[in-house]
Amino acid sequence: MVNSTTTVIECKDLHKSFHDLEVLKGVTTTLYEGDVVSVIGPSGCGKTTFLRCLNRLESINKGRLEVMGIDISHAQVTQETLRELRSRVGMVFQHFNLFPHLTVLKNLMLAPMKVLKESESECRERAIHYLEKVGLGEKASFYPEQLSGGQKQRVAIARSLCMKPSVLLFDEPTSALDPELVGEVLSVMKQLAQEGMTMVVVTHEMQFAREVSNKVLFFHQGIIEESGDPQALFTQPKSDRLKSFLSRIG
Ligand code: ADP
């Protein structure tokens, strides 16, 4: 699916401030269907803020932002626009954000029933399908606290998939995990990438960025300092800031 020409995310001169602090200072990029994009860069450079703007967890202050053809540039957007956006764009968080009082199965069924208004049986069937896909079919009746961090994150990914999103956003999905649990989450993400899911991933996992993504955005102090194909970007970085970042992370 890589090299599709269908635009999924169009960002032009995006600015975002929190009070006096300007965090995004003119981000411009176009992402296409099937792209697997790694967003990398030093801590505090605006990666997570950028990701949160894409599904309107944050509104932007200036610039143009269209996601799946939905214009979310303006300070105010309607509830209907927001619903439409959230049904197309899934998000996986660092800390999973599962509902602790619901079983794994109910965690997966809740949004499709409430937001997509699908029947219970349809939602159940899809929930089981995606749980099996992430290798957790036998955990349907467990509660989140009975699972390891890696299992919780795989449940969170399955939960996003149950909404049949067109794009999946991942905010440092493995950084809260013990090192031995990182691999199982990355391998689910790799599988999704290979199946053609459009993904934007804020990550510190340079191996994932290098091997799985087809595009890397290197952020530095609120702008995209350098972007492109991972092979070129990692082996022949152009900007001194990227060179220095890569040398620091080894
Ligand atoms: P990164 O993901 O690259 O580490 P972030 O986007 O999380 O960077 O944060 C960029 C800057 O914005 C940081 O200085 C952070 O403290 C600040 N920031 C992020 N979210 C908020 C917020 N809700 N309110 C105020 N400042 C914030």
Side-chain angles (χ1 to χ4, degrees), residues 9-29 31 35-67 72-77 82 85-86 89-97 149 153 156-157 160 167-177 179 182 185-186 189 198-210 212-213 215-228 230 233-234 237-250:
I9 293 169
E10 181 86 65
C11 268
K12 280 205 183 112
D13 196 30
L14 211 84
H15 288 251
K16 171 68 188 173
S17 300
F18 295 108
H19 306 287
D20 295 343
L21 179 69
E22 192 176 39
V23 175
L24 301 179
K25 302 174 183 171
V27 173
T28 298
T29 190
L31 307 178
D35 268 348
V36 177
V37 182
S38 290
V39 181
I40 64 169
S43 185
C45 66
K47 303 181 297 297
T48 291
T49 303
F50 169 68
L51 198 74
R52 289 170 63 85
C53 288
L54 300 182
N55 75 342
R56 190 70 185 198
L57 286 173
E58 304 291 353
S59 58
I60 64 171
N61 299 114
K62 195 180 132 202
R64 184 168 171 74
L65 178 55
E66 260 187 37
V67 178
I72 48 168
S73 313
H74 305 290
Q76 304 292 332
V77 296
L82 212 51
L85 180 78
R86 299 272 164 80
V89 182
M91 180 119 172
V92 174
F93 298 89
Q94 187 177 0
H95 293 289
F96 331 123
N97 294 13
Q153 195 57 297
I157 293 171
S160 286
V167 192
L168 261 186
L169 311 178
F170 294 81
D171 187 12
E172 301 192 22
T174 58
S175 41
L177 302 178
V182 168
V185 172
L186 290 180
M189 292 169 63
T198 308
M199 298 161 58
V200 184
V201 187
V202 173
T203 187
H204 296 290
E205 295 291 335
M206 291 305 133
Q207 201 178 342
F208 177 90
R210 208 172 172 138
V212 182
S213 47
K215 192 175 284 177
V216 177
L217 307 180
F218 169 64
F219 272 64
H220 188 273
Q221 294 181 357
I223 59 159
I224 298 177
E225 171 82 13
E226 193 165 335
S227 64
L233 196 125
F234 283 108
K238 293 190 189 78
S239 85
D240 289 341
R241 285 167 175 161
L242 177 54
K243 284 179 195 160
S244 141
F245 174 73
L246 293 176
S247 71
R248 267 181 284 130
I249 57 169

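First listed ligand is number 1; within each ligand, the first listed atom is number 1. Because only heavy atoms are used, hydrogens play no part in the values below, and waters and symmetry mates are left out as well, while side chains stay in.
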For a quick check under 3.5 Å, do Asp13 and His15 share a side-chain donor-acceptor pair by atom type?
yes
Exactly one candidate in Val202, Ile157, Val185 meets side chain to side chain contact (heavy atoms under 4.5 Å, CB included) with Phe170; the answer is Ile157
Nearest 0.5 angstrom please: Met91 CE to Leu51 CG, how far?
4.5 Å
Just jot down the side-chain hydrogen bond (donor to acceptor under 3.5 Å, both in side chains) partners of Gln221, sequence neighbours excluded, or say none.
none
Contacts for ligand 1, heavy atom under 4.0 Å, by chain and number, are Phe18, Leu21, Val23, Pro42, Ser43, Gly44, Cys45, Gly46, Lys47, Thr48, Thr49
Given side chains that start at C-beta, do those of Glu66 and Ser73 come closer than 4.5 Å, heavy atoms only?
no
Could you give the distance from CG (Leu57) to CZ (Arg86), rounded to the nearest 0.5 Å?
5.0 Å
